[in-house]
Amino acid sequence: MNPTGTHPLADTVPRTDHTPQPTRARAATPSPSRLLAGWSAGGRADDLTTHRRRYGPLPHLTADELVDLVHAAGLRGRGGAGFPTSVKLRAVADRRRRPVVVANGCEGEPASCKDAALLDCAPHLVLDGIELVARTLGAESAILAIHDGPDGPGPRLRTLAAQRQGPVPVRVRGVPARYVASEETALVNFLSGGPATPTTSPPRPTDRGVGGAPTLVDNIETLAHIALIARNGAPWFRELGTPDLPGTLLVSIDGAVHTPGVVEVAAGTTVRAAIELCGGPSGHVQAVLSGGYGGAWLPATAIETPLTHTAMRAAGAALGVPTLLPLPSGACGLAHTARLVRFLADQSAGQCGPCLFGLPAVAADLAAIAAGSRDARHAHDRLRHRLDLVTGRGACALPDGAARLTRTALDVFSADLRDHLTGRPCLAAGAPMIFPLEFR
Amino acid sequence: MIKRLRVDPIACAAHGLCADLLPDHIDLDEWGYPILADGRTGRPLGRDDQRDARAAVEACPTLALRIEATPR
């Protein structure tokens, strides 16, 4: 057992070469264990018997009771957007046709590994959530979507799902590991037999989703929370977190910290406190990348910002899928951003012109600035204009995320930007990337 | 009902006819894709613009342009 509640992913999830291997962390501030209770107690995932003994049986609810309960709990989706889960549940419950329930466990953010960790540490809690929602809504089918791959969790999850003999069998489906493949419309498109690329909405999946049926797509952490709320009630759920974002959050932490991993914290915990749970920063931190690669840079001066959607937005950043990547002071934030935007450009499905042409152009401008090239000033003028051109003009939010990341970089690293534009040499611009660029 | 132009970014293939037919409502970006007032949605169409807007919608070779009616 790890005393801080950090999930050391090295045991289970392939890590990239440039991320340090986690070590046993010192005991820090105690962090709550709701989703990860079984893992925290036993150091491994509960089997079905232990799981049922620990959490108790799943209650039976009507659809109205479920929607009201989730509404009273104030649960917001844990897939990034933070949309009220009860609204989505209501939209599907009100349709006449039997719905399809999709549990989205294929996190598209390379910096995020909380869904992989949850499937690893508490698979039966996720399956509980799927079973409860599917049964309550009278779903025609239930799908657990995960990343495809030879070493993926597919075979294990299929075995675990088969053990449960629930009223709505859960099918485990592998989805290509691409950035936009787990976007809601892309996932629905793929599960309906099409490519894993976003589609134009409306129609929303809740109106017409997989196979034309109204479809509830919820992140697996959201569903795991529902499984706990159904057992313990809304007041219990609200004992942790903030009025606006109740409950706990799984946060992936990597970059300049001593023990990268996934922590469960009460929503509203500060960025600093979450980083401390991972052994603290491994050096002086100049900024923290939050919300993944389509997220935003948070300056080190804002490290006391609470982890909620509203507080992070007010600080000019984003909670998104909670990921925190501290950047050490020796690294070049502009060069890192240039590589991240290049990565995002490569992840484009290539369907929308402003994304297909805009993101490589933005990445090239950033690279020219980071390299301090003679064209840097022009690149900067072009870049400001192009950021407006790519925002809000794609079918999905990929170009918006890339633009937000870039805008916050220009802001947070403004002193560096001045140096780069005036041709002062940057020793760190050519240094290797410290953040992971592969899916796990 | 207020009518606005809306572009389907997946269907749009940058033919640019819409900008020729509706220069007051549509600009093209450096890659030839239409820029509307608010990302994918245009500003409200006046009564006088609606005939031209319908012509632009019909002229789009990929059917990417449409007119959307919203209560406000």
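Every chain is numbered from 1 and lettered A, B, ... according to where its sequence line falls, protein lines coming before strand lines.
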Review point. Do the rings of F357(A) and W31(B) sit parallel, tilted or perpendicular, given the 30° and 60° boundaries?
Key: parallel
Check your understanding: Do you know the tightest heavy-atom contact between G394(A) and P9(B)?
Key -> C-CG, 3.8 Å
Check your understanding: Counting heavy atoms not belonging to H380(A), are there more than 12 under 6.0 Å from its NE2?
Key -> yes
Check your understanding: Is any side-chain N of the basic residue among D29(B) and R386(A) closer than 4.0 Å to the acidic one's carboxylate O?
Key -> no
Review point. Is the side chain of R393(A) donor-acceptor paired with the backbone N or O of P34(B) at a distance under 3.5 Å, no angle test?
Key: yes
Point to revise | Heavy atoms of other groups near R382(A) CZ, more than 12 under 6.0 Å | key: yes
Exercise for review: Indicate the atoms forming the closest heavy-atom contact of P198(A) with I10(B), along with that distance.
Suggested key: O-CD1, 3.3 Å
**Study point:** Segment of A361(A) engaging chain B (4.5 angstrom heavy-atom cut-off)
**Key:** side chain
Review point. In this structure, are over 12 heavy atoms from other groups packed under 6.0 Å from R204(A) atom CZ?
Key: no
